[in-house]
2 protein chains.
Amino acid sequence: MSLGNALLGLLSHGPMTGYDLKKLLDHPIGFFWAAQMSQIYRELNTLEEKGLVKSEIIPQEKRPDRKVYQLTKGGKETFLSWLNKFPDQLNEASRSRFLLRIFFSSKIKLDELAFEIKRYKKEMEEQLGYLNKVAQWIKDYSREKKLKKHAFYWNLIVKKEHKSIAAGTEWADECLQLIEQKKRKEKRI
Amino acid sequence: MSLGNALLGLLSHGPMTGYDLKKLLDHPIGFFWAAQMSQIYRELNTLEEKGLVKSEIIPQEKRPDRKVYQLTKGGKETFLSWLNKFPDQLNEASRSRFLLRIFFSSKIKLDELAFEIKRYKKEMEEQLGYLNKVAQWIKDYSREKKLKKHAFYWNLIVKKEHKSIAAGTEWADECLQLIEQKKRKEKRI
DNA sequence: GAATTCATGTAACTTGTTACATGATTTA
DNA sequence: TAAATCATGTAACAAGTTACATGAATTC
């Protein structure tokens, strides 16, 4: 239940609603753990059933009530024990629709493949823009003393994403060159 | 149903049993699409219900019967239309337990983080070894005329993995240095 | 006046994981 | 003789996605 632990971890920064959690999950965390709203609400229910979080309804004027979740003792313990014990597998089973398509792409036209790779490259560029925003967000956030200690770790993640985006972009360029070469070669024959 | 399309794609190379499919999924495809045996059997049943594959039981001496699956016309069409239409999202929602742990790692000791990153690096090295085997496998495989045309595309994937493994390894080294620096700094204070 | 945001969710469905089950044959 | 391989799966569960629902307040 990695999503559950993500939620517990976020709640260790303070009480929040499902909606707030979703925003954090989208924003800096989306890079390495995505979740749908509906999944978050379900997970929060499960966590509450297990006694790891408790909720309190706070009425608001002119707005729907806020259902604010906070960690219980058990929740803190569960989260810390998850953090402290080594996972038996570091990486999730990999699944990339994009590479799956490339694997079979001898059956499509070279131009179509090139198009798809260009779109991939564009996506990398968008992610880079987003990553820069995240880096800025970390800077802003870490002005608060309480959050300063996190910045070091969060920047490690940013660094990793930077490298992987660079690798992806480089790869895309090389691919496009190789495809051009292949196209010329096929014309000659 | 990406797994379904992967299976259809593999079956387009010729009739196979679920077991054979699993071996291919583990071996070169595992890099970008993993699946459990039980999932494959279930997916094959679904594909058969939809009329995209058909199976034939071939009795064997001294071995359990083979249940050989092959594509139907509908299966070929479905696969090709999947290949030819652009997916609305190239990348799956990202999920990395490893990065999730790093995000929260201000709560664990620096040495433990370093240990985890070292293990990550080791995993990268193992993957590199595996990747080299895959590259060799492609070479061997593409001696067969029928499969030669795939080699170009499969090598694009190898190239991508190479780059991403290199990026990961580099990142791990830099992290370990930064952690050492931070440790020294903390001792001084 | 239309679209978006805030805030809550439920239901149905699909996909992925883990554990269990069988039983002969081959390799170390 | 123990383990691994071949080959088939089922069942239960966990996790993720998509579609649907509500309704006020704010922004364009």
Side-chain angles (χ1 to χ4, degrees), chain A residues 1-8 15-27 29-30 32-50 52 55-69 82 87-89 91-97 100, chain B residues 1-8 15-27 29-30 32-50 53 55-69 82 87-89 91-97 100:
Chain A
M1 59 139 203
S2 282
L3 174 60
N5 284 303
L7 297 178
L8 293 176
M16 268 181 271
T17 66
Y19 206 85
D20 297 331
L21 286 164
K22 170 63 174 163
K23 276 190 284 180
L24 285 173
L25 272 164
D26 279 344
H27 211 51
I29 294 183
F32 48 89
W33 208 278
Q36 244 68 43
M37 213 49 273
S38 57
Q39 211 190 333
I40 292 169
Y41 284 119
R42 184 177 46 187
E43 192 65 37
L44 284 170
N45 282 337
T46 313
L47 292 174
E48 195 160 25
E49 275 166 36
K50 285 185 189 163
L52 305 179
S55 64
E56 200 185 341
I57 286 162
I58 296 181
Q60 285 189 118
E61 281 170 44
K62 301 188 179 181
R63 286 249 163 245
D65 298 350
R66 289 166 62 77
K67 195 171 180 185
V68 177
Y69 288 89
W82 170 78
D88 27 75
Q89 45 157 7
N91 293 302
E92 318 315 299
S94 51
R95 262 165 213 122
S96 161
R97 203 173 305 213
L100 188 59
Chain B
M1 61 139 201
S2 283
L3 174 60
N5 284 303
L7 296 177
L8 294 176
M16 269 180 268
T17 66
Y19 207 84
D20 297 331
L21 287 164
K22 170 65 174 159
K23 275 190 285 181
L24 285 174
L25 273 164
D26 280 344
H27 210 50
I29 295 184
F32 46 91
W33 209 278
Q36 244 67 43
M37 214 49 272
S38 56
Q39 211 189 335
I40 293 169
Y41 283 118
R42 185 178 46 185
E43 192 64 37
L44 284 170
N45 282 338
T46 312
L47 292 174
E48 195 160 26
E49 275 166 36
K50 287 185 189 162
V53 301
S55 65
E56 199 184 341
I57 286 160
I58 297 181
Q60 284 188 116
E61 282 170 46
K62 301 187 179 181
R63 287 248 164 242
D65 298 348
R66 289 167 63 77
K67 195 170 179 186
V68 176
Y69 288 88
W82 170 78
D88 27 75
Q89 44 156 7
N91 293 301
E92 316 317 297
S94 51
R95 262 163 214 124
S96 161
R97 203 172 308 214
L100 189 59

Practice problem: Mark yes or no for whether A:Glu43, through its side chain, and A:Leu7, through its backbone, hold a donor-acceptor pair below 3.5 Å. | Solution: no

In whole angstroms, the gap separating C1' of D:dA25 from CG of A:Asp65 amounts to 15 Å

Separation of C:dC6 atom P from A:Asp26 atom CG, nearest Å, is 12 Å

- Is the backbone N or O of B:Ala34 less than 3.5 Å from a side-chain atom of A:Ser94, with the two atoms forming a donor-acceptor pair by type? no

Exercise for review: Compute whether any side-chain donor of one residue and acceptor of the other, for B:Thr17 and B:Asp20, lie under 3.5 angstrom apart.
Suggested key: yes

note: A:Glu56, atom CD; C:dA7, atom C1'; distance rounded to Å ~ 17 Å

Counting primed atoms, P, OP1 and OP2 as sugar-phosphate and everything else as base, the B/S/- map of nucleotides 9-18 of chain C against protein heavy atoms under 4.0 Å is BB----BBBB

| query | Do B:Leu47 and B:Met1 touch side chain to side chain, with heavy atoms closer than 4.5 Å? | reply | yes

B:Leu25/B:Ile40 under side chain to side chain contact (heavy atoms under 4.5 Å, CB included): CA gap, chis, key distance, verdict:
CA-CA 10 Å; B:Leu25 273 164; B:Ile40 293 169; 3.4 Å; yes

To the nearest angstrom, the CG-P distance between A:Leu25 and D:dG16 comes to 11 Å

In whole angstroms, the gap separating P of D:dC6 from CD1 of B:Ile58 amounts to 17 Å

Taken to the nearest whole Å, OH/B:Tyr19 to P/D:dA4 is 13 Å

Whole-Å distance, B:Glu92 CD to D:dA15 C1', equals 15 Å

The reported gap from CD1 in A:Ile57 to CZ in A:Arg66 (rounded to nearest 0.5 angstrom) is 12.5 Å

| query | Is a side-chain donor or acceptor of A:Lys22 paired with a backbone partner of A:Ser38 at a separation under 3.5 angstrom? | reply | no

Is the closest side-chain heavy-atom distance between B:Leu24 and B:Met16 below 4.5 Å? yes

To the nearest 10 degrees, the angle between the two end axes of the helix from C:dG1-D:dC28 to C:dA28-D:dT1 (five pairs per end) comes to 60°

Rounded to whole Å, CG of A:Asp20 lies from P of C:dC6 at a distance of 10 Å

- Take atom CD of A:Gln89 as the centre, draw a 6.0 Å sphere, and report whether it contains more than 12 heavy atoms from other residues, nucleotides or ligands. yes

